[in-house]
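Everything numeric in this text was worked out from a predicted model, so none of it was measured.
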Number of protein chains: 2
Amino acid sequence: MSSANTDTRTRILMAALKLLEADDGSAVRMSDIAKEAGISRQAVYLHFPTRAELLVAATLYLDEIKDIDGRLAASRNAPDGTARLAAYIDAWGNYIPEIYGVARALLAMQATDEAAKLALAERMQAVRHGCAAVVQALGNDGILSPDHSAEQATDILWTMLSIRNWEQLTIECGWSQEAYIEKTKVLATACLVSDEN
Amino acid sequence: MSSANTDTRTRILMAALKLLEADDGSAVRMSDIAKEAGISRQAVYLHFPTRAELLVAATLYLDEIKDIDGRLAASRNAPDGTARLAAYIDAWGNYIPEIYGVARALLAMQATDEAAKLALAERMQAVRHGCAAVVQALGNDGILSPDHSAEQATDILWTMLSIRNWEQLTIECGWSQEAYIEKTKVLATACLVSDEN
DNA sequence: CATGTCAATTTACACAGTGTCAAGCAAAGG
DNA sequence: CCTTTGCTTGACACTGTGTAAATTGACATG
């Protein structure tokens, strides 16, 4: 039946997420996921033809659970460009640690697997669209730095908000999540908002 | 003989670098390197016990060839903090594309291989030291932004100059190398240099 | 009740890539 | 001439992914 089908599929995804959120995300094997889900390794392949597709499905499932769309959408209600920038950094920046385990596995896979690469690129493009909207709002307020075109400003914000940068600042440099958020707001403002005022 | 030994070892490293600089760096296998060097796969293992150690040796060899130390040292002669920041971004930023192939392979390996991870971390710490020196110079000139401690400023510059950011801006966003260098200078200045003056 | 279907199982296997091991060979140097 | 050094060939173990075939158990429908 379709519901039992969905249950097993969901169990696999939950098992994958649980393991990916543990310390070493990239080392999760199909057999580990199967064991965690309480089914055979081959049964996993009945639901997901490849490891890459399982990981992609896991990220989509995670987005659904965490309601990333709703959280990012909240930043669209901010009254002006500056508030919108801050709200977007809050929403996305605080989302990163929740998806880091899965993202890390996907990030590692993209080096070798084309499917993983495309899936990740697609998801990152969604973030880029959010950045473009923020830049647009800054432009509408007339406070976008004249140093950059809208396109360049989007590239800059998108790069500042990359998962890799979050990883480097929090995990490698030891910044707290709060410090990361606050500093990123300050830096993004310094880079994108014109200072005459 | 020791010289013949060194010759073969060097041939292996040159072969590895040649392949790693080609399009898909992470897919270079031990057998590919052996073939390129004109020796058997097993002979490679006589010189390098693991793939990770070969890659690490390749980066060290590349640094030697490209004289990274000399190039980074040049920035130490800059007259003031601002010039030193610009010189450092010039030196390191223009070095990145030359080592990108090898760096990418090492970056991909660090997800699974502890040796690769440590080697890369060590090399990146060298860059971080350069960043710390630049921040120190800015501090001596009294123009370091009061928003950040010296440590934080170092973390920020180091993160801005990461290979991942170069990759995202030039390869994914399509910026030219010149644009990357110029923009990075502007952004680093906006983030680190206090604007009262 | 018989039949078909569908999920999942077990077992087995193909394949790629890393790393190990053993035997042998060719050249240089005492 | 004999030993050492550097490399070769060939075989093999191991891990992890993905494929395939035969089987079981549940359940629904004629």
Side-chain angles (χ1 to χ4, degrees), chain A residues 1-16 19-20 22 24-58 102 104-106 108-119, chain B residues 1-16 19-20 22 24-58 102 104-106 108-119:
Chain A
M1 278 297 98
S2 170
S3 86
N5 181 353
T6 305
D7 277 358
T8 301
R9 193 190 139 94
T10 305
R11 271 220 322 284
I12 294 171
L13 291 176
M14 290 192 307
L19 294 176
L20 288 167
D24 196 357
S26 62
V28 176
R29 295 171 293 254
M30 294 297 264
S31 52
D32 297 329
I33 295 169
K35 190 187 294 177
E36 179 68 30
I39 60 175
S40 71
R41 186 174 72 92
Q42 283 62 26
V44 176
Y45 281 100
L46 294 175
H47 294 272
F48 305 97
T50 65
R51 188 173 118 94
E53 291 186 53
L54 197 170
L55 291 181
V56 170
V102 197
R104 193 176 158 194
L106 226 43
M109 271 212 88
Q110 76 172 335
T112 56
D113 189 293
E114 207 57 29
K117 185 170 185 168
L118 287 176
Chain B
M1 283 294 95
S2 169
S3 84
N5 182 351
T6 305
D7 277 356
T8 301
R9 193 188 139 94
T10 306
R11 272 220 320 284
I12 294 171
L13 291 176
M14 290 193 305
L19 294 175
L20 288 167
D24 196 357
S26 63
V28 175
R29 296 170 293 253
M30 295 298 263
S31 53
D32 296 329
I33 295 169
K35 190 187 293 178
E36 179 67 31
I39 60 174
S40 71
R41 187 175 70 93
Q42 281 62 24
V44 176
Y45 281 100
L46 293 177
H47 292 271
F48 304 97
T50 64
R51 188 174 117 96
E53 291 186 53
L54 198 169
L55 291 181
V56 170
V102 197
R104 193 176 158 194
L106 226 43
M109 271 212 89
Q110 76 173 336
T112 55
D113 190 292
E114 207 58 29
K117 186 171 184 168
L118 286 176

In whole angstrom, what separates [X]'s [atom1] from [N]'s [atom2]?
X     : N      : atom1 : atom2 : answer
B/R11 : D/dG6  : CZ    : C1'   : 11 Å
B/E53 : C/dG19 : CD    : C1'   : 12 Å
B/Y45 : D/dG10 : OH    : P     : 18 Å
B/I33 : C/dT18 : CD1   : C1'   : 12 Å
A/R29 : D/dG16 : CZ    : P     : 4 Å
B/M30 : D/dC7  : CE    : C1'   : 16 Å
A/R9  : C/dC6  : CZ    : P     : 18 Å
B/Q42 : C/dG19 : CD    : C1'   : 9 Å

Could you tell me whether the phosphate oxygens of [N], OP1 or OP2, come under 4.0 Å of any side-chain nitrogen or oxygen in [X]?
X     : N      : answer
B/T50 : C/dT18 : no
A/H47 : C/dA7  : no
B/S40 : D/dC7  : no

message: Over all strands shown, is A/L46 touching base, sugar-phosphate only, or nothing at heavy-atom distances under 4.0 angstrom?
response: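 It contacts base atoms.
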With A/I33, the side-chain contact (heavy atoms from CB on, under 4.5 Å) member among A/L20, A/L13, A/I12: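 Going through A/L20, A/L13, A/I12 one by one, the side-chain contact (heavy atoms from CB on, under 4.5 Å) with A/I33 is satisfied by A/I12 alone.
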- request: Give the nucleotide from the list C/dG17, D/dG18, D/dT8 with an atom nearest to the side chain of A/R51.
  value: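 Among the listed nucleotides, the one closest to the side chain of A/R51 is D/dG18.
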message: Show the nearest heavy-atom pair for residues A/A57 and A/R9, with the distance to one decimal.
response: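 Shortest heavy-atom separation between A/A57 and A/R9 comes out as CB-NH2, 4.1 Å.
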query: Shortest non-hydrogen contact from B/Y45 to B/M30?
result: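 Closest approach of B/Y45 to B/M30: OH-CG, 3.6 Å.
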message: Main chain of B/V28, side chain of B/R51: is a donor-acceptor contact present, judged purely on distance under 3.5 Å?
response: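 Checked: pair present.
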Please table the atom pairs, donor to acceptor, closer than 3.5 Å between any side-chain atom in residues 35-43 of chain A and protein atoms at least two apart or in another chain.
unit_1, atom_1, unit_2, atom_2, d
A/E36, OE2, A/K18, NZ, 3.1
A/S40, OG, A/A43, N, 3.2

- prompt: Do A/R41 side-chain and D/dG18 base share a donor-acceptor contact under 3.5 Å?
  reply: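 Yes, a donor-acceptor pair under 3.5 Å.
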